[in-house]
Asker: 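Shown below is the structure under consideration.
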Amino acid sequence: MGRHIHVIGIGAGDPDYVTAQAIEALNDTQVFFAMDKGEAKSDLVALRREICARFIREPGYRFVELADPKRSTGPDYREAVADWHAARARLWAAAIAAELGPDGVGAFLAWGDPSLYDSTLRILAAVAAEVEFTFDVIPGITAVQALTARHRIPLNGVGEPVLITTGRRLREHGLAGSAVVMLDGDCSFQVCPPGTRIWWGAYLGTADELLVAGTVGEVGTRIAALRAKARARHGWIMDTYLLRPAD
Ligand SMILES: C[S@@+](CC[C@H](N)C(=O)[O-])C[C@H]1O[C@@H](n2cnc3c(N)ncnc32)[C@H](O)[C@@H]1O
């Protein structure tokens, strides 16, 4: 048998997004490895614990918190991220070896789906060079799906592609066709022409959810103000939006 790790997508905010397959994997897990990202994201840690408390039938599991190594702020972004992933991989390898018995089952809970802007799978690939284990991946509801469901809209135009990108890349490259923007701390939609349509969502799937739709000209300033206020109130914010160029 040997050690096994489930990488479980838990959905992007609403505990009801947890799938039947994820519930089975949660119940199969003895040790949950969690990255401690500090106070600001403590609401998110609480949600993970709430999911475990709600769905695990016989609670014999443990949480092992892994301190997140410091990310260097050097000029080369890719190099800084690579160093950070390597430091995490060493930490995870040591924790898996120390905390899981030879046939133990552990899990990493990934926000949304593990394939989308999440480093868990990349880091685990590096961990595999240091400790022996098998792993599987349980898909989850992403922020993209939560956004389109809550706005009740299709993701793509008929037969059209959709780009999933970051705020930084939107600022650098502009908008060409439909795009979902994630990881944007700067309301980068403001670089788009005023006729651009936007469907914006923050804290999707949670009790604090915020939704705004319109054109960038009509609602851009309102979103920026709402976002700043909510971020100040909670200490953190996660928002995602879909953009479509004017017809
Ligand atoms: C590190 S990525 C993780 C994405 C995640 N793996 C997923 O499948 O949605 C974090 C970004 O996802 C988006 N996001 C995640 N959860 C969200 C939520 N509940 N509401 C709005 N945006 C969210 C935000 O753009 C945030 O900056």
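Note that ligands are numbered from 1 as they come in the structure, with each ligand's atoms numbered from 1 the same way.
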Asker: Could you check if a side-chain atom of T29 sits within less than 4.5 angstrom of a side-chain atom of V31, using non-hydrogen atoms only?
Answerer: no
Asker: Give the residues near ligand 1 by chain and number, with the criterion being a heavy-atom distance under 4.0 Å.
Answerer: A12, W111, G112, D113, L116, Y117, T142, A143, M182, L183, G201, Y203, L204, M238, D239, T240
Asker: Go through R88 and S119 one step at a time and tell me if the side chain to side chain donor-acceptor pair (under 3.5 Å) criterion holds.
Answerer: CA-CA 10 Å; R88 275 181 158 188; S119 43; 3.1 Å; yes
Asker: Could you note down all residue pairs passing salt bridge (Lys or Arg N to Asp or Glu O under 4.0 Å) where residues 15-35 supplies at least one of them, sequence neighbours left out?
Answerer: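 Matches after skipping sequence neighbours: D16-R54, E24-R57.
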Asker: Check R3 with D103, please: is the shortest side-chain N to carboxylate O separation under 4.0 Å?
Answerer: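 Salt bridge: no.
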Asker: So, are D247 and R197 salt-bridged, with charged N and O less than 4.0 Å apart?
Answerer: yes
Asker: Checking W200 against D239: is there a side-chain donor and acceptor pair closer than 3.5 Å?
Answerer: yes
